[in-house]
J.: 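Right, I'll just put the structure down here and ask away after.
Everything numeric here is computed off the predicted structure, so don't read it as measured data. Count residues from 1 along the sequence. In each ligand, atom 1 is the first atom listed, and ligand 1 is the first ligand listed.
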Amino acid sequence: MEEKQPVLELQNVSVSYDSPAGMVHAVNDVSLKIYENTIVGLIGESGSGKSTLGNAIMRLLKNNAVLTSGTIKVMGKDVYSMHKNDLRKFRWSQMSMVFQSAMNALNPVLTVEEQILDVFLSHDKSMSKMEAKKRALELMDIVSIDPKHLKSYPHELSGGMRQRVVIAIAIALDPKLVIMDEPTTALDVVVQRSILDKIKEIQRVKKYAILFISHDFSLVSELSSKVAIMYAGRFIEVTDSKSLEQPERHHPYTQGLLKAIPQLTAEDVTIEGIAGNPPNLVDLPSGCAYHPRCPAAYDLCKKVRPEIRYVDGRAIECHLYDTVQSEV
Ligand SMILES: Nc1ncnc2c1ncn2[C@@H]1O[C@H](COP(=O)(O)OP(=O)(O)OP(=O)(O)O)[C@@H](O)[C@H]1O
Ligand SMILES: [Mg+2]
């Protein structure tokens with residue numbers, strides 16, 4: 001049987017920033033496929049390369065960043081070999097992104113309606129203003145904002161409502177892939193819950209492929225069926241969320257992150273953070289980048305970078321799994 005086409009396909013993607021201190025190796029050799037109607041979580045500590053990867057997929061990298069290797073395909077199209085004009089049409093209509101802190105970056109001098117109309121009218125020159133206004137109303141309904149707020153300016157809205165507007169803009173043209181970079185991080189717990197429920201509902205109806213970026217493991221595992229765990233720009237593990245219920249089966253870094261989640265049901269509530277700091281991405285540690293912090297590290301980990309091993313459908317880069325038969 002022919003394999004279904006992934007909505008997003010990353011193959012050996014690396015991205016570096018040119019900085020005064022040297023090349024910052026922000027994303028290192030990551031591969032991933034996301035199919036329609038699926039949410040994949042991307043998790044990692046601050047500075048691990050999550051936003052850089054999201055921006056790279058959108059081909060919206062900063063001027064000092066370069067895709068140094070790999071291919072990024074969305075709906076089978078190589079994003080980096082696309083002509084600029086085609087890319088302009090492709091972006092937002094096929095792939096879109098809710099940028100980190102975007103709710104604070106809405107244009108302060110335009111109303112919500114003006115910002116939404118702009119998305120419709122700039123992408124479809126043949127669309128009438130009437131039609132665009134009708135579509136804007138429909139969008140308000142999808143993200144559950146009272147239509148009266150179409151006439152509001154961003155500063156007149158609460159954080160939760162601004163985030164709903166940002167999500168509305170991202171899904172306005174009904175893209176196949178939506179990247180959400182920390183969409184709820186700046187919101188209080190109650191608002192965060194309502195936004196998450198809204199994302200789940202939209203996903204159920206629209207069958208989007210969503211890459212959900214967060215540093216909150218409990219949130220990601222609740223929302224997504226698969227999770228990619230990033231450390232120093234690498235996917236040190238890609239696993240189904242279900243298996244996270246058994247921490248002992250995972251990469252030591254994943255285990256460390258899992259231990260850092262407060263367990264409300266546990267009798268003995270001890271939260272252990274991971275000792276040490278993330279590595280310097282200009283001068284990565286030898287061998288496995290996690291070895292200086294890893295409680296299970298041994299000699300080999302300092303010298304040789306682990307290959308990907310496939311264990312029960314999980315992809316793990318860790319020498320502890322070296323004896324496990326690797327399958328492609
Ligand atoms: N414009 C830039 N120039 C140089 N280095 C950069 C630039 N932007 C990001 N970096 C570096 O790239 C690395 C990855 O950054 P990135 O923003 O992708 O991390 P992140 O995982 O999204 O972090 P956070 O959870 O804090 O959002 C960091 O070390 C960061 O300092
Ligand atoms: Mg980020």
J.: Quiz question for you: does at least one protein heavy atom lie closer than 4.0 Å to atom 24 (P) of ligand 1?
T.: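 When distances to the protein are checked, atom 24 (P) of ligand 1 has a heavy atom within 4.0 Å.
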J.: With a 4.0 Å cut-off on N to O distance, would you call R314 and D312 a salt bridge?
T.: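 Salt bridge between R314 and D312, a charged N being under 4.0 Å from a carboxylate O: yes.
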J.: Heavy-atom contact under 4.0 Å between G44 and ligand 1?
T.: no
J.: Which atoms from ligand 1 have a heavy atom of G49 less than 4.0 Å away?
T.: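 Answer, ordered by atom number: 14 (C), 18 (O), 19 (O), 20 (P), 21 (O).
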J.: Quick test of your reading of the structure: of S16, A65, P278, S51, whose heavy atom lies closest to atom 17 (O) of ligand 1?
T.: S51
J.: For atom 21 (O) of ligand 1, grab the closest protein heavy atom and report residue, atom and distance to one decimal in Å.
T.: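 That would be K50 NZ, 2.8 Å.
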J.: Within the 4.0 Å heavy-atom shell around Q100, which atoms of ligand 1 are there?
T.: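 Going through ligand 1 atom by atom, the ones under 4.0 Å from Q100 are 27 (O).
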J.: Is a donor from one side chain sitting under 3.5 angstrom from an acceptor on the other, for D124 and S126?
T.: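 Yes, a side-chain donor-acceptor pair sits under 3.5 Å.
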J.: Protein heavy atoms near atom 30 (C) of ligand 1, is at least one of them under 4.0 angstrom away?
T.: no
J.: Are side-chain heavy atoms of L117 and V119 found at a separation under 4.5 Å?
T.: no
J.: Ring-plane angle category for H251 and Y253, please: parallel below 30°, perpendicular beyond 60°, tilted otherwise.
T.: perpendicular
J.: Classify the side-chain pair E45/H215 by whether it contains a donor and acceptor separated by less than 3.5 Å.
T.: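 Checked: E45/H215 side chains show no N/O donor-acceptor pair below 3.5 Å.
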J.: Hey, is N64 touching ligand 1 through its side chain, its backbone, both or neither, going by heavy atoms under 4.0 Å?
T.: side chain
J.: Quick check against the 3.5 Å criterion: does K200 have a side-chain atom that pairs as donor or acceptor with the backbone of L223?
T.: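 No; judged by distance alone, with no hydrogens or angles, the pair does not exist.
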J.: Which residue and atom name correspond to the protein heavy atom nearest atom 26 (O) of ligand 1, and how close is it?
T.: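 Protein heavy atom at minimum distance: S46 OG, 2.5 Å.
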J.: Between E201 and R204, is the closest basic N to carboxylate O distance under 4.0 Å?
T.: no
J.: Could you please compute the angle at the Mg ion (ligand 2) from OE1 of Q100 to OG of S51, rounded to 10°?
T.: 80°
J.: To the nearest 0.1 Å, how far is atom 2 (C) of ligand 1 from its closest protein heavy atom, and which atom is that?
T.: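 Going atom by atom, the protein heavy atom closest to atom 2 (C) of ligand 1 ends up being Y17 CD2, 3.3 Å.
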J.: Regarding E36 and K206, does a basic nitrogen lie under 4.0 Å from an acidic carboxylate oxygen?
T.: no
J.: Below 3.5 Å, N or O to N or O, backbone or side chain included: is there any such pair between G47 and ligand 1?
T.: yes
J.: By number and element, which atoms of ligand 1 are closer than 4.0 Å to a non-hydrogen atom of S48?
T.: 19 (O), 21 (O)
J.: For ligand 1, is any non-hydrogen atom under 4.0 Å from T52's backbone (N, CA, C, O), its side chain (CB onward), both, or neither?
T.: both
J.: Following the transitive rule for hydrophobic clusters with a side-chain heavy-atom cut-off under 4.5 Å over Ile, Leu, Val, Met, Phe, Trp and Tyr, establish whether V24 and M230 coincide in one cluster.
T.: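 Per the 4.5 Å side-chain linkage, V24 and M230 are not co-clustered.
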